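Keep in mind that this is a model prediction, so the values were computed, not measured. Counting convention: from 1, in listed order, for ligands and their atoms alike.
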Amino acid sequence: MEVFSDIKGLRQYLKSFQDQRKSIGFIPTMGALHRGHLELIKVSTKANDITVCSIFVNPTQFNNPNDLKNYPREISKDIAKLEGIYCDVLFIPDGKIMYRKGDILNFDFGYLEEIMEGKYRPGHFKGVALIVAKLFNIVSPNKAYFGTKDLQQLTMIQKLTQELFFDVEIIPVETVRASDGLALSSRNLLLTKEERNQAIDLIQALNEAKNKLYAGESVLSVKEYVKEYFKNESLIQLEYFEIVDSEFLNNIAHFKPGKRVSLCIAGQLGKVRLIDNLSLN
Ligand code: AMP
């Protein structure tokens with residue numbers, strides 16, 4: 001695997017592939033790689049001539065300084081994992097390369113910043129968009145792979161790509177889960193053993209909500225059920241549970257089987273914030 005930490009070196013290396021019209025697949029990450037990240041890379045290596053992964057813990061997307069400080073960093077383990085699945089290129093820039101003194105650019109995603117993750121993590125999507133736009137311009141990928149685990153991020157990146165005419169196809173990849181159903185996340189490393197056991201409450205609540213909707217219960221009563229579940233039966237402090245259309249993420253008032261609907265949830269477990277979602281089609 002070729003490893004670059006500078007923009008010029010990476011661009012020069014990729015140029016010869018671009019000149020030969022080879023396809024480049026790209027997976028931006030913040031590292032502490034798990035099977036979820038590796039799945040994105042595997043999907044890319046199957047579909048492209050060359051796969052580039054980036055690892056950068058992006059400070060502008062953290063609204064909580066402690067979260068940034070505690071975010072797991074495991075670069076040598078990450079490199080070994082990437083080599084193990086034949087990733088072609090790794091880009092690991094440092095903060096001074098990606099953000100320079102005097103930078104002033106700022107994105108605004110309107111209503112997407114006011115709901116769910118946007119509401120609970122002010123500024124988060126501005127930071128994600130900024131880093132993804134920079135990385136797209138550096139790598140110029142043909143395809144970029146994002147997990148549906150971060151559904152709102154995926155929606156925002158699709159908007160970013162369409163509105164700025166980035167010539168890149170955004171490919172969603174299904175959430176990879178542990179055998180008990182917990183969505184894999186780098187933040188799971190920060191859970192104590194007891195918290196790790198409790199963390200499955202998120203997917204359990206989503207599954208129960210799904211069953212209730214299919215059984216004909218109203219959106220309102222399912223939302224009430226989930227709120228009560230977290231009040232009485234879980235260590236997780238629920239931040240939100242929303243039932244939304246999967247494309248624009250607007251709240252829906254009534255559920256009709258066959259429509260693309262997503263159930264989105266977030267909660268705080270000890271010091272760790274976890275999110276998950278389930279799509280119903
Ligand atoms: P992160 O390192 O958390 O910024 O994630 C990098 C990419 O991996 C994003 O597109 C995430 O949506 C994706 N991702 C994170 N967890 C999972 C998972 N469990 N399954 C599939 N993709 C994931």
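Residue P28 touches ligand 1 through its backbone alone, judged by heavy-atom distances below 4.0 Å. For L40, every heavy-atom contact with ligand 1 shorter than 4.0 Å involves the side chain, none the backbone. Looking at H37 against ligand 1, only its side chain comes within 4.0 Å, counting heavy atoms. Of all the heavy atoms of R177, none lies under 4.0 Å from any atom of ligand 1, so neither backbone nor side chain is involved.
A ring-centre distance under 6.0 Å is not found for F109 and F125. Here Y214 and F255 bring their ring centres to under 6.0 angstrom of each other.
Remark: distances from the non-hydrogen atoms of R35 to ligand 1 are all 4.0 Å or more. Residue contact annotation: E39 has no non-hydrogen atom under 4.0 Å from ligand 1.
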Worked verdict on D88 versus K22 for salt bridge (Lys or Arg N to Asp or Glu O under 4.0 Å)
CA-CA 13 Å; D88 301 292; K22 302 255 190 204; over 6 Å; no
Assess the residue pair E247 and R260 against the criterion (salt bridge (Lys or Arg N to Asp or Glu O under 4.0 Å)); give the C-alpha distance rounded to whole Å, side-chain angles, the decisive distance to 0.1 Å, and a yes or no.
CA-CA 8 Å; E247 193 180 352; R260 290 190 61 225; 5.3 Å; no
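The protein heavy-atom contact nearest to atom 10 (O) of ligand 1 is G147 N, 3.0 Å.
One hydrophobic cluster, built from ILVMFWY side chains closer than 4.5 Å, cannot hold both L263 and F248; they sit in different ones.
Summarising the contacts of atom 16 (N) of ligand 1 with H34, R187, Q61, the nearest heavy atom is found in H34.
Using cut-offs of 30° and 60° on the angle between ring planes, the pair Y120 and Y240 is tilted.
Atoms of ligand 1 lying under 4.0 Å from any heavy atom of M30, numbered from 1 in the order shown and given with element: 1 (P), 2 (O), 4 (O). Those atoms of ligand 1 with a heavy atom of D150 less than 4.0 angstrom away are 11 (C), 12 (O). Atoms of ligand 1 lying under 4.0 Å from any heavy atom of L184, numbered from 1 in the order shown and given with element: 16 (N), 17 (C), 18 (C), 19 (N). For ligand 1 and F146, the ligand atoms under 4.0 Å from any heavy atom of the residue are 10 (O). Proximity to T175 (heavy-atom distance under 4.0 Å) selects the following atoms of ligand 1: 19 (N), 20 (N), 21 (C). Under a 4.0 Å criterion applied to the non-hydrogen atoms of G36, ligand 1 contributes the atoms 18 (C), 20 (N), 21 (C), 22 (N).
Considering NZ of K210 and CG of L206, their distance stands at 10.0 Å, rounded to 0.5 Å.
Here R273 pairs with E117, E239 under the side-chain hydrogen bond (donor to acceptor under 3.5 Å, both in side chains) rule; sequence neighbours left out. Looking at residues two or more places apart in sequence or on another chain, you find no side chain to side chain contact (heavy atoms under 4.5 Å, CB included) involving S5.
The shortest N or O to N or O distance between A183 and ligand 1 is not below 3.5 Å.
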